[in-house]
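I have placed the structure first, in the form of structure tokens, so that the comments after it can refer back to it.
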Amino acid sequence: MTSWTQTIPVFVVFVALAFVPGWFVVRAFGSRGIEAVAISPAVTAGVLAAFGTVAGRLGIRWTWPVVLGSVVVAALAAWLLGGWLARSRGGRDPELNVRRRLLGRPRPDVVVACLIGVVIALATMLPAIGRPDNLVDSPDAVYHLNRIRTFLESDNFSLLNPTFYPNGFHAWVGTGLMALGTPVLPGTNVATLVLAAVVWPVGCVALVRHALGTSLLVTYAAGFASAAFLTFPTLLLGWGVLWPNMMGTAMTPAALALMLQAARTRQVGKVLTFAVSLPGLALVHPNVVVSLLVFALVWFVAARLRAGVLHHQRWATVVRDVAGVAVVVAAAIVVAPYVSSRLAMTQSYTWNGQVSVWTALVEVVGGRLMVFTVLWGLLVLLLLGMAWVLWRARRAIPIIAMWLACVVLYVLAASSTASWTSLITGYWYNDKVRLAALAAVPGVVLVAGSAPMVRLLLQRGLRRVGSVRRQPVLASALAAGLAVALVPGLTVALHASTRYRLLHDFFAPRQPERVILSTAQTASLAQLAQRIPAGQGVVGRPENGSPLMWALFGTNTLYRSIPIPNFGDGYLIGTGFADLASRPDVCAALARNNVRWAIGSTHTYWLDRPELTSGLMHLDRVDGVEKVETVGQYTLYRITGCGLG
């Protein structure tokens, strides 16, 4: 696929697959409105990932009849549970008794606001990416694309295939590709666009309406605000590439809105819907659940402090509650890595290039992360939104606290390598980019809040204009229109070139060594792949891009990630291949993995770990291999030694 118009059916299928299955489950609990629609992708991910794992463990092939059966079982279980709870509560929870119609009546303003976010996202992202079959410059993309291919080839969508890793993203993408027969690379690119351009804006509209009210001005501002930040979704489309983390962050606004609604209303239907979404969020990426826990703690502390300020609670009670939460959280932070070895591993990640606290603040507050200028328009809107919340929408003050918590986490990750800070930021791999993306969740609410603030200021100014003052309706409409227009004007329009360059450079790096596989290199490997019989394995240094032969062409590659692990058959072959004529252990490893071919290349990707594959550097000097064909920068060799010829 070389044109975006060719991907329209793929886009439609992925949108439907994201929202429809989960919506049936959510609707079975009686949940309605934009919140029910927004949280549906998280529930869908949970259904596909959980049932895919169960099917894989039972040896059942993941086919479309199994997918449909899984959705029916999940929706039926939710319907029965909701009905039982409705009867047991004697009709005291009206939401559980909503059974009048399956399809609700969507509010036109909400639909328009969501479409605004969709259109702006697609209009800014598609030109920057270029073509749907362009490969993003990221070693993580190699792993994720290969895992999706493994799911499709094996019909096993378990989180244990081939090794343990959350399977929410891969199960969703793989299920969509299974229905379409679309190549893995363009299909995955389209799936990530659905997350960035549909799931994220819908969730943002739901969160903003819950936090700031349901007025037309706030609703439309929410659609524009969803496209205001570069840190999300633009940055995570290319950096990393952290597709599972991106999927989780895209779902976070909806989950946060539902969590706050459930806490405030205590309606069983909303509590159940939020609870059902949590497994899906965890199976997409566990740190999404941690992020929601952080937001919940911040909300609780902010609410208790507000109760003290307003004299709704005695300060002694407030201090006791806040201190109790602080002690429990501190103890959990210290104990958690001893309980979970995987958490300890993520907390051990280290990054180079720590910056000063001031620079970190400029990056996260001013938006100068991986770009060369402060995003002044975005900064102004954030400040105006905070002013509105503090002045007129005080119920949303916890949103400011959540944003400040993200800023603090970012500063810790960006400026410190101390062991105690990694205990806090390790849940996000001590990665400041992930935390900058997380800050966009409450940040969207603040940007949307700038619209009513600007409208109020404009109305006061227009009252001084005689001709306008005599037409109050016109003045009000003019102020509202200008206020809404200011949100995209100071963000999307003002920083359009910066946004384009940021994303474009990920998909079209200027330095050749930053490219994993160019279009010409992909064509060369495709030609060589035709010479390799189906099922037979091929080995090559992962830094030359050959691991992608599995994802792109279905060629059985030994290595399917960059870099490779420093243990097992892969490491043995990588370091000992040059001596295969005198290494029976290397020959045995080749036979175990049915590796009969080798790929050599003059191309080397920047993430080079030569010590892991030192035996594959000069294949033309190895006894026991025979040159077959050279195409472009790649040469194919047949392994004739070890009795494999």
Discussion item. Keeping N134 on the side-chain end and I129 on the backbone end, is there a donor-acceptor pair under 3.5 Å?
Written reply: yes
Response to the item:
Closest non-hydrogen contact found for T346 with G426 is OG1-O, 3.3 Å
Worksheet item: Do any N or O atoms from the side chain of S31 and from the backbone of A36 form a donor-acceptor pair under 3.5 angstrom?
Response: no
Name every donor-acceptor pair, under 3.5 Å, that has one atom in a side chain of residues 277-287 and the other anywhere in the protein, sequence neighbours excluded.
from, atom 1, to, atom 2, distance (Å)
S277, OG, F274, O, 2.6
H285, ND1, N287, N, 3.4
H285, ND1, N287, OD1, 3.3
N287, ND2, N245, OD1, 2.9

Worksheet item: Residues two or more places apart in sequence or in another chain: which of them pass side-chain contact (heavy atoms from CB on, under 4.5 Å) with S415?
Response: V357, V411
Discussion item. Holding to ring pair (Phe, Tyr, Trp, His ring centres under 6.0 Å), I want the full list of residues that pass it with W428, two or more places apart in sequence or in another chain.
Written reply: none
Fill in: Closest non-hydrogen atom pair, W243 against L237
NE1-O, 4.2 Å
Practice prompt. For the pair T425 and L409, evaluate side chain to side chain contact (heavy atoms under 4.5 Å, CB included) and give the outcome as yes or no after the intermediate values.
Written response: CA-CA 6 Å; T425 61; L409 289 171; 4.3 Å; yes
Worksheet item: Considering only heavy atoms from C-beta outward, does the side chain of W388 approach that of S450 to under 4.5 Å?
Response: no
Item to complete: Show your reasoning for whether side chain to side chain contact (heavy atoms under 4.5 Å, CB included) applies to R264 and R395.
Response: CA-CA 11 Å; R264 282 171 174 162; R395 193 182 74 163; 3.8 Å; yes
Discussion item. Could you check whether any side-chain N or O of N430 sits under 3.5 Å from a backbone N or O of A413, counting only pairs where one atom can act as donor and the other as acceptor?
Written reply: no
Practice prompt. Would you list the pairs meeting side-chain hydrogen bond (donor to acceptor under 3.5 Å, both in side chains) in which at least one residue belongs to residues 357-380, sequence neighbours left out?
Written response: S356-T359, E363-Y410, E363-K432
Practice prompt. Please examine the side chains of L369 and V364, heavy atoms only from C-beta on, and report whether any two atoms are closer than 4.5 Å.
Written response: no
Worksheet item: Does anything in residues 186-195 pair up under salt bridge (Lys or Arg N to Asp or Glu O under 4.0 Å), and if so which pairs, sequence neighbours excluded?
Response: none
Item to complete: Can you run down the salt bridge (Lys or Arg N to Asp or Glu O under 4.0 Å) pairs that involve residues 240-256, sequence neighbours left out, and say none if there aren't any?
Response: none
Considering only distance and modelled atom types, tabulate donor-acceptor pairs under 3.5 Å from the side chains of residues 295-310, sequence neighbours left out.
from, atom 1, to, atom 2, distance (Å)
R304, NE, D321, OD2, 3.1
R304, NH2, D321, OD2, 2.8

Worksheet, complete the sentence: Between V447 and A225, the two heavy atoms sitting closest are CG1-CB, 3.8 Å
Discussion item. If you apply the rule ring-ring contact (aromatic ring centres under 6.0 Å, His included), what do you find for F14 with W172, and how did you get there?
Written reply: CA-CA 8 Å; F14 271 116; W172 173 64; 5.2 Å; yes
Worksheet item: Aromatic ring centroids of W351 and Y429 under 6.0 Å?
Response: no
Could you list the donor-acceptor pairs under 3.5 angstrom formed by side chains in residues 481-489, with sequence neighbours left out?
none

List the atom pairs, with distances to 0.1 Å, where a side-chain N or O of residues 107-124 and a protein N or O form a donor-acceptor pair under 3.5 Å, not counting sequence neighbours.
from, atom 1, to, atom 2, distance (Å)
R107, NE, D109, OD1, 3.2
R107, NH2, D109, OD2, 3.1
T124, OG1, I120, O, 2.9
T124, OG1, A121, O, 3.1

Fill in: Pairs satisfying salt bridge (Lys or Arg N to Asp or Glu O under 4.0 Å), at least one member in residues 271-297, at least two apart
none
Response to the item:
Sequence neighbours excluded, the answer for ring pair (Phe, Tyr, Trp, His ring centres under 6.0 Å) partners of H210 is none
Worksheet item: Is the closest side-chain heavy-atom distance between S476 and Q459 below 4.5 Å?
Response: yes
Worksheet item: Does V198 reach the side chain of F11, with side-chain heavy atoms less than 4.5 Å apart?
Response: yes
Fill in: Shortest non-hydrogen separation from L17 to G176 and the atoms involved
CD2-N, 3.4 Å
Worksheet entry | Check: L503 main-chain N/O paired with W239 side-chain donor or acceptor under 3.5 Å | no
Name each donor-acceptor pair under 3.5 Å that joins a side chain in residues 215-223 to protein atoms two or more places apart or in another chain, with its distance.
from, atom 1, to, atom 2, distance (Å)
S215, OG, V218, N, 3.2
T219, OG1, R209, NH1, 2.9
T219, OG1, S215, O, 2.8

